[in-house]
Amino acid sequence: MMDLQIVTKNLNFPQKSAVEHTDGPLLILAGAGSGKTRVLTSRMATLIAQRLAAPDEVLAVTFTNKAAREMESRIFKILLDLGISIREPLWVSTFHSFCNRLLREHISLLDYKPHFGIYDDSDQLSQIKKVMGALNLNDKVYPAKSFRNRINSAKMLALSPDDVAKSSKLFLDDKSIAVYRLYEQEMKKANSLDFGDLLFKTYELFRMYPDVLLMFQTKFKYVLIDEYQDTNHIQYLLVKMLAEKHRNLCVVGDEDQSIYSWRGADISNILDFEKDFPEAKVVKLEENYRSSANIVNAATAVIKNNTERKDKTLFTANAAGDLICVHEDRSEYEEARFVVRQVQALIAQGEGNYSDYAIFYRTNAQSRVLEEQLRSSGIAYKIVGGVRFYERMEIKDMLSYMKLTANPADDMAFKRVINTPARGIGKTTVEKLEEFSMQEKLPLLQAAAKACEQRMFNAGTTSKIRNFLQLMEDLQALSQRHNLVDFYHMVLDKTEYVNRLKAENNTESDARVQNLEELSNALTQFMKERIDASLQSFLEEMALVSDIDSLDEEQDSVTMMTLHISKGLEYPVVFVVGNEENLFPNIKPHEGDEEHEIEEERRLMYVGMTRARKRLYLTYARTRKVWGQEHFNPPSRFINEIPENLIEFSTTYQTPRFVATAATNTARTAADWTAPKKGASDFDLQNFPDYEMTDSRSSDFSKGMRVRHPTFGAGSVFQVEGAGEQQKVSVMFTDQTIKKFVAKYARLERI
């Protein structure tokens, strides 16, 4: 046996224990910054080096292509250091990439052609709209995105249209089931899969063809799953299937960092691992190598308030470091100025470069004020996982309405808003209008009016164009009579833009509504600061903002992102802003289990805190504008969960003169600071094929014949298509579900 000291010499005892456990299931509970990637890669390299499995007999799955590439690169390096050269690619990938690779070989068994297409979100939405048209469902009444969310949820739960109709796991109304059913038919006709299908069709393949599943169960002697706390139900089912034969399943994760339930992640997968695999060995990686002791202890104190977690305690041998800076300001504007001043001061003291600084926030809309302050101070910044505030779709849509109101000759604005939100004016109509406007040498708005007069289009299309023209005429009149903020709210109302977003009722649409709220706040602030706060002057300023925003991506810059995106990253200095009740935690009261949501929000705080290596700032504002109105929220309960001896508190909040004089503008100690009581719950967020198989004697099947399938049980042959090797058999099972099989491979037994 090869000496593996080169692999394990730099590992601590629990890490080494995890790497050397090679027989049976293994749960690695890896706290933040505890070196889980090192353990995972070392373990996979060890399995190959010890010849317990060939390189292509180990499957490792993670959640991003970047992480997969990094893992594969590290494994190759470890093996090279051991004198082992691997020439073929390893099975290290994301769930979707793994399933895509598998389906390319075997999807013909599901009656698809091997060269299937993969639809992105936009393609999927277009297909759903096509289906809705065939079912006479109006997109204005039934938003297509709502149907898309329901279909994706069903697939995440491994439910076909027939399953949904009978299942209690997910309720869909009759219209949704009809859309789902026809959508699946159209997708098969197009020989295409959506993103959710990559997992769901693999699951269906395994259930319908046990021999295919057995082939992969036999092939992969070891299965390793990274970020197991982020797996959803369909991923959980696939993992259990693949590991069933050898039971050498190793999962790595941290239930304290499970923050994606809104996209289907199920924390119970990791919490219940020992129920699924009672013989599992559990290894806890509790030593943090990333952060200072004060940061580790503060984060640990916060997360211990959760009940949905394993018994583990993060610790570190690192120095205590700076105290956690908790800072209070009067408003979000002053909060942003404080962040900028701190960055400038630390840089002046020689504390690294701008790229060492990160600002995290709970919602995308919060970036706008921070962007303005960074920009005005000449500090370069970049936004990860998102776009700059004024480049976001909904913001550009609203600005285009305002531009077209101020300048009816703005053809780009016209093209952006004529069918936004959807009002039935299609691409062909717009193209004809463009051609006509070129002929007549008129702006599109005037050309559209003339086209209606000349009856260029049918009555229905003409009526829709006239309604749009009337809308723009009304907005032009309103812009003359109302101030900037009031006019903006009238644009939202008249266009029904916000109502359409609210009807979609999903995480994405909620975030877009929040961004529209933030634009209202920007307009309010603009009016406060400018004497000539007209529509024209605001649009001019926005044009200048766009020019200044074109920063070189390679230059040294502060990084900004939502807390959800921060997971897996680390920075020397981290600012978590907006630590206020109703914002963070961000809870919608009447939606689901409130306590469960609070625990996920607390995990999000834990993730944010543990990204910091040296300095951590937690800031909040006494007041914050929502739709232009000041809201007063107490500091986040999570701040109150940090021991006072770990906090350095400061404030620039001024008390009224009749209340205090000398105390004004002075910093207060943590003892003077009144934090929210634990458990505070005064929420108000309404605003927001090389394998052998048994021949099934395909020529013997006939309609009405009773058969039994290894997975689905007894049923009757419903339809027989073709003959010989290509014969397909549709079977209706006792639960009235119909499944179509390639008869040769289906292992159907006559009864």
Side-chain angles (χ1 to χ4, degrees), residues 125-126 128-130 132-147 393-482 484 486-505 509 512-513 516 519-520 535 539:
L125 200 60
S126 297
I128 289 170
K129 287 178 179 177
K130 174 184 170 184
M132 289 173 62
L135 295 172
N136 295 315
L137 293 173
N138 190 327
D139 189 31
K140 292 181 180 179
V141 181
Y142 305 101
K145 286 187 177 180
S146 295
F147 287 121
M393 178 173 65
E394 57 278 6
I395 303 302
K396 293 182 79 170
D397 289 345
M398 282 301 107
L399 290 177
S400 292
Y401 270 111
M402 297 165 85
K403 285 179 181 178
L404 191 58
T405 300
N407 176 20
D410 190 334
D411 284 354
M412 292 301 102
F414 177 94
K415 286 177 65 177
R416 187 172 185 98
V417 301
I418 187 171
N419 198 44
T420 304
R423 49 177 64 92
I425 302 174
K427 183 181 176 183
T428 304
T429 300
V430 176
E431 287 173 348
K432 287 181 179 177
L433 282 175
E434 281 191 282
E435 188 179 335
F436 183 64
S437 73
M438 293 283 286
Q439 292 172 359
E440 298 294 318
K441 297 182 180 179
L442 291 171
L444 277 168
L445 197 67
Q446 290 182 37
K450 190 169 184 178
C452 289
E453 291 171 8
Q454 296 183 6
R455 299 185 179 179
M456 269 183 58
F457 304 103
N458 61 40
T461 301
T462 299
S463 175
K464 292 168 185 173
I465 294 173
R466 280 183 170 151
N467 287 340
F468 173 71
L469 294 173
Q470 185 61 55
L471 167 67
M472 293 312 305
E473 190 177 318
D474 291 345
L475 291 179
Q476 286 166 17
L478 290 167
S479 71
Q480 302 299 316
R481 301 198 299 266
H482 297 276
L484 191 54
D486 290 346
F487 171 64
Y488 169 66
H489 285 266
M490 289 171 183
V491 174
L492 291 174
D493 181 50
K494 292 280 186 182
T495 60
E496 298 185 352
Y497 198 99
V498 171
N499 288 339
R500 297 283 193 91
L501 285 176
K502 288 182 176 178
E504 290 176 19
N505 192 29
S509 62
R512 293 177 65 194
V513 170
L516 292 172
L519 180 55
S520 173
L535 174 59
L539 293 172

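As a basis for the values below, the full set of heavy atoms in this structure was taken, side chains included, without hydrogen atoms, waters or symmetry mates. For reference, positions follow the sequence shown, starting with 1.
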Measuring from [X]:[atom1] to [Y]:[atom2], what's the distance to the nearest 0.5 Å?
{"X": "His482", "Y": "His489", "atom1": "NE2", "atom2": "NE2", "result": "13.0 Å"}
{"X": "Leu125", "Y": "Met132", "atom1": "CG", "atom2": "CE", "result": "9.0 Å"}
{"X": "Thr461", "Y": "Ile465", "atom1": "OG1", "atom2": "CD1", "result": "6.5 Å"}
{"X": "Leu469", "Y": "Gln446", "atom1": "CG", "atom2": "CD", "result": "11.0 Å"}
{"X": "Met393", "Y": "Ser400", "atom1": "CE", "atom2": "OG", "result": "12.0 Å"}
{"X": "Leu484", "Y": "Met402", "atom1": "CG", "atom2": "CE", "result": "5.0 Å"}

Do the non-hydrogen side-chain atoms of [X] and [Y] ever get within less than 4.5 Å of each other?
{"X": "Asn419", "Y": "Val430", "answer": "no"}
{"X": "Ser509", "Y": "Lys145", "answer": "no"}
{"X": "Leu433", "Y": "Ile425", "answer": "no"}
{"X": "Arg423", "Y": "Pro421", "answer": "yes"}
{"X": "Val491", "Y": "Thr405", "answer": "no"}
{"X": "Tyr497", "Y": "Thr420", "answer": "yes"}
{"X": "Gln454", "Y": "Phe436", "answer": "yes"}
{"X": "Lys494", "Y": "Tyr401", "answer": "no"}

Please find the pair of heavy atoms, one from [X] and one from [Y], that lie closest to each other, and give the distance.
{"X": "Leu535", "Y": "Ala406", "result": "CD2-CB, 3.9 Å"}
{"X": "Leu442", "Y": "Ala447", "result": "CB-N, 4.2 Å"}
{"X": "Ala409", "Y": "Pro443", "result": "CA-CB, 3.8 Å"}
{"X": "Phe414", "Y": "Leu404", "result": "CA-CD2, 3.9 Å"}

Can any side-chain N or O of [X] pair as donor or acceptor with the backbone N or O of [Y] at less than 3.5 Å?
{"X": "Ser146", "Y": "Glu504", "result": "yes"}
{"X": "Ser463", "Y": "Gly460", "result": "no"}
{"X": "Arg416", "Y": "Leu399", "result": "no"}
{"X": "Asp139", "Y": "Ala144", "result": "yes"}

Other residues, nucleotides and ligands only: do more than 12 of their heavy atoms fall within 6.0 Å of OH on Tyr142? no
So which of Leu516, Val498, Val417 actually passes side chain to side chain contact (heavy atoms under 4.5 Å, CB included) with Met398? Leu516
Any chance you could lay out the side-chain contact (heavy atoms from CB on, under 4.5 Å) test for Glu435 and Glu431, step after step, and finish with the verdict? CA-CA 6 Å; Glu435 188 179 335; Glu431 287 173 348; over 6 Å; no
